[in-house]
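All figures in this text were calculated on a predicted structure; none of them were measured in a lab. Both ligands and their constituent atoms are indexed starting at 1 by order of listing.
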Amino acid sequence: MKNRLMIALDVENAQLALDVSQNLSSHVGWFKVGLRLFVAEGPVLIKKLSEQNKIFLDLKFHDIPNTVAQAVQSAGGLGVQMLNVHAAGGPDMLKRAADAASMFPDMKLIAVTVLTSEALPEDLAEELVVTRALLSKECGLDGVVCSVQEAKAVKHACGHDFITVTPGIRWGEQDVQDQKRIADPTTAITSGADFLVVGRPILGAKNPLDAVNEALEMMHKAASIK
Ligand code: C5P
């Protein structure tokens, strides 16, 4: 299960990111670097983190096709194992992104469908997510970011091998914060999500390692009864 858990390193600087990754790397398979940390520390930190960890670079590229293709090429050169673009960029952008990513066979390219912080009625969210997932698949991408609530429908429409990465994970009495379409680790696994992204519930916990173990335990239990 540790290879299905991704910690969002939404911290201020490289030192904090390296501290978190060192403390958790034997328990967690992946670290996700998003806008905050990348804007602050850039490629140097990515290279350092990827010496010991698998990295999902979550920059959600969304621009004209040529610009996105060039950015994907640059990101691929950093040696990350997963990268994303925004499916709302449309088919030309997605195809050009997939072409650029094909030069890096060890890197999965996935598309953000609808942010988990958007509160759409469930049926609308599912329709839009599945439409964008099908488009992403047709354009040659490896999977999508979606909420747990849509993971089953995406697998049904796009096939078992099409990757689903699900943020918006919360459990127990945790603060939902800005997330809207949330679910707990048990539901994520039983819904067929491939990867669970967790940030603040772990980074903000009194003991982050305890929070990681709690999530892993729920994931293991869910997988054993699935
Ligand atoms: O702290 P929290 O667990 O809410 O963090 C979720 C992480 O997943 C954040 O880094 C956020 O940028 C990212 N994310 C998301 N929804 C998406 C795509 C990425 O919450 N659709």
(request) Using a strict cut-off of less than 4.0 Å between a Lys/Arg side-chain nitrogen and an Asp/Glu carboxylate oxygen, indicate whether E217 and K221 qualify as a salt bridge. (result) yes

(request) Mark up the atoms of ligand 1 that fall under 4.0 Å of a heavy atom belonging to D58, in ascending order. (result) 12 (O), 13 (C), 19 (C)

(request) Compare P167, G34, C146 and give the one whose heavy atom is closest to atom 15 (C) of ligand 1. (result) P167

(message) Salt bridge check, D58 against K32: does any charged N sit closer than 4.0 Å to a carboxylate O?
(response) yes

(message) What I want to find out is whether E150 reaches R181 closely enough, with some N-O distance under 4.0 Å, to be called a salt bridge.
(response) yes

(request) Measure D10 to ligand 1 on non-hydrogen atoms and call it side chain, backbone, both or neither using the 4.0 Å cut-off. (result) side chain

(message) Is it true that, when you exclude K60 itself, more than 12 heavy atoms of the residues, nucleotides or ligands shown sit nearer than 6.0 Å to its NZ?
(response) yes

(request) Could you pull out the closest heavy-atom pair between M93 and H86, with the gap in Å? (result) CE-O, 3.2 Å

(message) To check your reading of the model: name the closest protein heavy atom to atom 12 (O) of ligand 1, its residue, and the distance in Å.
(response) K60 NZ, 3.7 Å

(message) Using a 6.0 Å cut-off, check whether atom NE2 of H156 has over 12 heavy atoms from anything other than its own residue.
(response) no

(message) Closer than 4.0 angstrom, basic N to acidic O: yes or no for D194 and K155?
(response) yes

(request) Please confirm whether the backbone N or O of N13 pairs with a side-chain atom of E41, one donor and one acceptor, at under 3.5 Å? (result) no

(request) Heavy-atom distances under 4.0 Å are what count here, so tell me which part of R170 touches ligand 1: side chain, backbone, both or neither. (result) side chain

(message) Among all protein heavy atoms in this structure, tell me which lies nearest to atom 11 (C) of ligand 1, with the distance rounded to 0.1 Å.
(response) K32 NZ, 4.0 Å

(request) Could you tell me whether the side chain of D142 and the main chain of L109 form a donor-acceptor pair under 3.5 Å? (result) yes

(request) Could you check atom 6 (C) of ligand 1 against the protein and tell me its nearest heavy-atom contact, residue, atom and distance included? (result) Q179 NE2, 3.6 Å

(message) Against M219, only a single residue in T186, T190, D184, I189 fulfils side chain to side chain contact (heavy atoms under 4.5 Å, CB included); can you say which?
(response) I189

(request) Heavy-atom distances under 4.0 Å are what count here, so tell me which part of Q177 touches ligand 1: side chain, backbone, both or neither. (result) neither

(request) Indicate yes or no: does an N/O atom of T116 lie under 3.5 Å from an N/O atom of ligand 1? (result) yes

(message) Please list, in number order, the atoms of ligand 1 under 4.0 Å from a heavy atom of L115.
(response) 17 (C), 21 (N)

(message) Under 4.0 Å, heavy-atom basis, I'd like to know which part of R200 is in contact with ligand 1: side chain, backbone, both or neither.
(response) both

(message) Does only the side chain of L203 get under 4.0 Å from ligand 1, or the backbone, or both, or neither? Count heavy atoms.
(response) neither

(request) Pick whichever of G168, G199, S147 has a heavy atom sitting closest to atom 5 (O) of ligand 1. (result) G199

(request) Please identify which atoms of ligand 1 are closer than 4.0 Å to at least one heavy atom of P201. (result) 3 (O)

(request) List every atom of ligand 1 that sits less than 4.0 Å from any heavy atom of V197, numbering the atoms from 1 in the order shown and giving each element. (result) 7 (C), 8 (O)

